There are 2 protein chains.
Amino acid sequence: MAKPKIRLLLVDDHLVVRIGLRSLLEMQPDLTVVAEAASGAAALKEFERHQPDLTLMDLRMPEMDGAATTAAIRAKSPDARVLVLTTFDTDEDIFRALQAGACGYLLKNTDSEPLLKTIRAVHAGTYRLPAEVAARLAQRQAAPELSPREREVLELIVKGRSNKEIGSALGVAENTVKNHVKVILDKLGVQDRTQAATTAIQRGIVRL
Amino acid sequence: MAKPKIRLLLVDDHLVVRIGLRSLLEMQPDLTVVAEAASGAAALKEFERHQPDLTLMDLRMPEMDGAATTAAIRAKSPDARVLVLTTFDTDEDIFRALQAGACGYLLKNTDSEPLLKTIRAVHAGTYRLPAEVAARLAQRQAAPELSPREREVLELIVKGRSNKEIGSALGVAENTVKNHVKVILDKLGVQDRTQAATTAIQRGIVRL
DNA sequence: CGGTAAATAGCCCGATGGGGCTAACTCGGG
DNA sequence: CCCGAGTTAGCCCCATCGGGCTATTTACCG
């Protein structure tokens, strides 16, 4: 055994995905899966115990999602390498994952070759984000972020509440809500609340 | 070999899921995976060739989705058994799958025991839909279906178009659109177009 | 300590939306 | 051959929405 294997931690709430990944990865002579976790909380424990070289992380998970888990891991181990695995990619998810400190991202429907190639590249520190993703990230940075209150209002918009209902729900005047709505529409670059709702869902700003 | 094995066809566009399922299923003495397909079209070919006892079918796939593929299979082989595997369940997807002739449905994040149990139950013909799902189906049948034109209008609502814009897009008067919208709101059981948009997305009536 | 952003709230006004109601025409099934 | 559903279209009316504008308080950052 000339070179030590790359030690991997798998984090995914889907059993079949964990099994599939494990089978795929264990067939490689330079890779070994040292632990699996089905939740963010479990992932933290396993990371502590095994200190893997690289963590493969699903984004959509119940309770603690992949971005939050990634942030928690990197808070304790700033040089931890995390590669995000997503099923369908909303810009917001990827953005949050990368902001949380993920080193890269992959779609789950990629073939084995690009998957293995990316794992080795990330481990070697030579991984670069695809140009298309980098472009979307740049665009996202250009787009102004919503304030906490605005996100709150946006969630209620998505639920179909009127400005008046949102006002009483938040304990503020309807006029105040209207102001927030105006800012939200402006920041999202849309004309009305329906477009705001659908783009919020599309970008993953709010969970449906 | 006293009893013949249950011969399975796996249909899923995710490589890791196919591998994971195959590993899981091949460990069972009474199950064998005779073929895999990564698309609806490929699934039809493999079904023709192998005539499996049971097909495990993903719903969300590019080009031809699971419901359409299930319908195509059952059009040729009316007694084919198809078990739908979904990641996240929108009512509409499940409903369409069952209408297309699927025998049952499972979430991908289920553990192995319920998965194996369900496979054997479906093959034995003793599978019953969970009460919760049956209730949702009953509710869906109670809900009146949208007419083709109404679905068309709904799609434009989701895109954030105004009634006037929808009218000119469809070549009809704004008043006509308003009538359609009224009916849509009524059929969906919602108060305004924003709720219509979000519930349409949630139920899977329109693709985002 | 001053500037900036967020959150609050008010005003006016025109555009849009949605409820209720009537009424053509068309097409397919009983 | 008529009935029902779908599609078309009009009417009135008022609530809601969204644009534009100003203003106060708080809080944080440089």
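Just so we're on the same page: letters track the sequence lines, and every chain starts at 1. All of these numbers come straight from a predicted model, not from anything done at the bench. When reading the values below, keep in mind they use all heavy atoms of this one structure, side chains included, and skip hydrogens, waters and symmetry mates.
Side chain to side chain, A:S147 and A:E150 meet the donor-acceptor criterion of an N or O pair below 3.5 Å.
Side-chain contact between A:M57 and A:T69: present, with at least one pair of heavy atoms (C-beta onward) separated by less than 4.5 Å. No side-chain heavy atom of B:L21 sits less than 4.5 Å from a side-chain heavy atom of B:R18.
Applying the 4.0 Å criterion to OP1 and OP2 of D:dA5, one finds that B:R149 has every side-chain N and O outside that range. Contact annotation: B:S162 does not reach the phosphate of C:dA15 (side-chain N/O to OP1 or OP2, under 4.0 Å). Between A:H180 and C:dA6 there is no side-chain N or O to OP1 or OP2 distance below 4.0 Å. For A:N163, no side-chain nitrogen or oxygen approaches OP1 or OP2 of D:dT16 to under 4.0 Å. At least one side-chain nitrogen or oxygen of B:R193 sits closer than 4.0 Å to the OP1 or OP2 atom of C:dG17.
Taking only side-chain atoms of B:D192, from C-beta outward, the nucleotide of D:dG10, D:dT7, C:dG18 with the closest atom is C:dG18. Across C:dC11, C:dA7, D:dG20, the shortest atom-to-atom separation from the side chain of A:K182 is found for D:dG20. For B:P148, taking side-chain heavy atoms from C-beta onward, the closest of the listed nucleotides C:dC12, D:dT7, C:dA7 is D:dT7.
Annotation: of the two residues near DNA chain D, B:A173 and B:L146, the 5′-most nearest-nucleotide partner is B:L146.
Put simply, the residue from B:T176, B:D192, B:N163 that forms a side chain to side chain contact (heavy atoms under 4.5 Å, CB included) with B:V181 is B:N163.
As a whole-Å value, the separation of A:R151 CZ from C:dA6 C1' is 13 Å. If you take CG of A:N175 and P of C:dA9, they are 9 Å apart, rounded to a whole angstrom. C:dC11 atom C1' lies 10 Å from atom NZ of A:K178, rounded to whole Å. Distance A:R161 CZ to D:dA15 P: 21 Å, rounded to the nearest Å. As rounded to whole Å, 13 Å separates atom C1' of D:dA15 from atom CD of A:E165. Separating the CD atom of B:E152 from the C1' atom of D:dT7 is a distance of 12 Å, rounded to the nearest angstrom. Distance B:I166 CD1 to D:dT7 C1': 15 Å, rounded to the nearest Å. The CD-P distance, from B:Q191 to D:dA15, rounds to 17 Å in whole Å.
In the displayed structure, B:R22 atom CZ is contacted under 6.0 Å by more than 12 heavy atoms of other residues, nucleotides or ligands.
B:T176 comes within contact range of at least one nucleobase, with a heavy-atom separation under 4.0 Å. Base contact: B:N179 has a heavy atom under 4.0 Å from a base atom. If you check every strand for non-hydrogen atoms under 4.0 Å, A:V181 touches sugar and phosphate atoms only. At a threshold of 4.0 angstrom between heavy atoms, the contacts of B:K164 are confined to the sugar-phosphate backbone, with no base atom among them.
Without hydrogens or angle criteria, B:R74 side chain to B:P78 main chain gives a donor-acceptor distance under 3.5 Å.
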